[in-house]
Amino acid sequence: MTHNNINAFLETGAFLRLPSGKVRFWSGLFSPVEFNKNNEFSIAYCDFFDTKISFLKASESPQEVEVSEFRQGLRPYLERRTGHPTRASFHEPQFELYQKAFQVVLGKIHQGEIEKAVPIVFAESPDRPSKDDLAALIDTALEAHNELYVYGFWQNGQGILGATPENLFHRRADQVRTMALAGTLAKNGGKTLQEFLKDPKELHEHQLVVKDIQQRLQKLGWVKTAETQAVEFPHLYHLRTLLEVDVQNADLQELVQLLHPTPALGVSPRNYGLAWMRDLPYQKDRGLFGAPLMFSLSDTEDLCLEALRTLQWSEKGSRIGSGGGLVSASDLQSEWKELALKRESVMKALGI
């Protein structure tokens, strides 16, 4: 790994921290490719409100190195970092706008139209990371909890960097694994872990997601569902249920269309649709927030993340989003505090 490798990577690149403890990274230009089961790709993604995936191939082959070696390669850029974006530069989302979205969603729930929906908000900054800033953000993110997927992708002045607890699916050969991740407890939230595991509101929200994914995957084969567990992260606990199904010759486009968005990020029941959510505050321009972001790991292995816990940037500046599932028992003030806690966890994970 040379200075030129890292420099090209920070200009246009993508990376993923692997469970093995290594970092896989791509650099060089990303070009669109027509995907079929025999084609190679590097990165794939779609907008949250879409399910048609864009497949991209990097001009350079991916490299894989130890985390410590990768961070050492970033060191020269850290020493000259300009210090943006900073926490102080972020303007918090407006409570009144979230309150409006909350009222619309709860109105639909109480009228029996839906059972759950997940509106989001953004904290926004006019600053966006320079190449040196990006190196520092990545360096800090690589220290994140080992249950988090640390990842990033940027090109043409736009990018996303995060540490998400959630994947949409992980395909290895003919096995497809996914998860239901819904239900949140702050470590200083006043409840014990046992109370959290028995909380009717949290369990109801979580089971909506589990049942939905089971129903979707049953179209592919017999679904194995593990027990629901509380998974610990640095500042939060989440309820998580792992599911898997065997699928011969799995079609990646079909898997995305089948699973995205789960009720952990979208609407339950699914057949109600998402179009109405675009009109709620903060939703229309969410871009990749909560959207599928897929990394090709080999000819037989792909990891599709839910792009959560992110810093996003473009020519307009930077944004940090957060969302939470609303059900009939949701409380406005409690949900607002949870959204702030999630954004805070992103800032800490990235060293902002």
Side-chain angles (χ1 to χ4, degrees), residues 1-35 39-45 53-85 127-144 149-164 287-288 291-299 301-305 307 310-319 349-352:
M1 189 176 69
T2 66
H3 173 76
N4 287 340
N5 293 146
I6 291 295
N7 192 63
F9 162 76
L10 292 172
E11 289 282 356
T12 300
F15 79 98
L16 175 68
R17 187 181 68 180
L18 302 168
S20 65
K22 294 186 176 183
V23 174
R24 173 170 295 204
F25 69 99
W26 295 258
S27 59
L29 297 177
F30 290 89
S31 301
V33 293
E34 290 292 331
F35 179 78
N39 280 356
E40 294 183 355
F41 72 97
S42 304
I43 302 293
Y45 68 92
I53 301 180
S54 297
F55 290 93
L56 303 176
K57 179 73 181 293
S59 58
E60 302 291 333
S61 298
Q63 298 185 54
E64 202 168 293
V65 297
E66 298 289 342
V67 170
S68 57
E69 182 182 351
F70 189 73
R71 295 181 70 186
Q72 186 60 38
L74 297 172
R75 190 62 50 194
Y77 298 89
L78 310 187
E79 296 169 356
R80 61 189 197 213
R81 185 188 181 194
T82 59
H84 295 286
D127 299 326
R128 58 177 175 168
S130 67
K131 189 188 301 183
D132 299 338
D133 300 330
L134 181 56
L137 293 166
I138 295 169
D139 182 66
T140 304
L142 289 170
E143 298 177 349
Y149 300 97
V150 181
Y151 65 96
F153 169 50
W154 50 91
Q155 64 174 348
N156 302 326
Q158 301 184 66
I160 187 168
L161 172 66
T164 179
L288 287 182
L293 179 61
M294 193 183 327
F295 296 83
S296 175
L297 304 182
S298 74
D299 291 342
E301 185 176 9
D302 309 283
L303 178 63
C304 187
L305 301 180
T310 68
L311 172 72
Q312 294 176 263
W313 65 92
S314 68
E315 67 282 352
K316 296 179 180 179
S318 302
R319 299 184 297 168
L350 298 181
I352 296 176

Report task. Run the numbers on Thr164 and Leu293 for side-chain contact (heavy atoms from CB on, under 4.5 Å), then give the verdict. Result -> CA-CA 11 Å; Thr164 179; Leu293 179 61; over 6 Å; no

Requested in this report: Please assess Trp154 against Phe30 for the test side-chain contact (heavy atoms from CB on, under 4.5 Å), listing each intermediate value before the final yes or no.
Outcome: CA-CA 10 Å; Trp154 50 91; Phe30 290 89; over 6 Å; no

Requested in this report: Let me see the working for Ser42 and Leu56 under side-chain contact (heavy atoms from CB on, under 4.5 Å), right down to the final yes or no.
Outcome: CA-CA 6 Å; Ser42 304; Leu56 303 176; 5.9 Å; no

Report task. Start with the C-alpha gap between Ser314 and Gln158, add the side-chain angles, then the distance that decides, and say whether side-chain contact (heavy atoms from CB on, under 4.5 Å) holds. Result -> CA-CA 4 Å; Ser314 68; Gln158 301 184 66; 4.0 Å; yes

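Contact of the Phe41 side chain with the Ile53 side chain is not registered, since no non-hydrogen atoms from C-beta on lie closer than 4.5 Å. For the pair Val150/Val23, no side-chain contact is recorded, criterion being any heavy-atom separation below 4.5 Å from C-beta on. In this structure, Glu40 and Asp299 have side chains that are in contact, with non-hydrogen atoms separated by less than 4.5 Å. Side-chain contact between Thr140 and Leu350 is absent, with no heavy atoms from C-beta onward closer than 4.5 Å. For the pair Ile43/Phe295, a side-chain contact is recorded, criterion being any heavy-atom separation below 4.5 Å from C-beta on.
The backbone N or O of Asp127 lies less than 3.5 Å from a partner atom in the side chain of Ser318, making a donor-acceptor pair. Using modelled atom types, no side-chain atom of Thr310 and backbone atom of Gln312 make a donor-acceptor pair closer than 3.5 Å. Looking at Trp26, its side chain never comes within 3.5 Å of a backbone N or O of Thr12 through a donor-acceptor pair. At distances below 3.5 Å, not a single donor-acceptor pair connects side-chain atoms of Asp139 with backbone N or O atoms of Ala136.
Atom-to-atom distance recorded for Leu29:CG and Glu60:CD is 9.0 Å, nearest 0.5 angstrom. Atom CD1 in Ile160 sits 8.5 Å away from atom CH2 in Trp313 (nearest 0.5 Å). For the atom pair CG (Asp132) and CZ (Arg80), the distance works out to 4.5 Å, reported to the nearest 0.5 Å. Note that the CG atom of Leu161 and the OH atom of Tyr151 stand 8.0 Å from one another [nearest 0.5 Å]. Here the straight-line distance linking atom CG of Leu137 with atom CD1 of Ile352 works out to 5.5 Å at 0.5 Å rounding. For the atom pair CG of Leu305 and CG of Leu288, the computed distance is 11.5 Å after rounding to the nearest 0.5 Å.
Ring geometry for Phe25 against Phe70 counts as tilted: the plane angle lies between 30° and 60°, on a 0 to 90° scale.
Across Gly73 and Ile6, no two heavy atoms sit closer than the pair O-CG2, 3.8 Å. Nearest heavy-atom pair, Ser27 versus Ser59, reported as atom, atom and distance to 0.1 Å: O-OG, 4.1 Å.
Each salt bridge (Lys or Arg N to Asp or Glu O under 4.0 Å) pair with one or both residues in residues 5-30, not counting sequence neighbours, appears once here: Glu11-Lys131, Arg24-Glu64.
By the side-chain hydrogen bond (donor to acceptor under 3.5 Å, both in side chains) test, Tyr149 pairs with Asn167, sequence neighbours left out.
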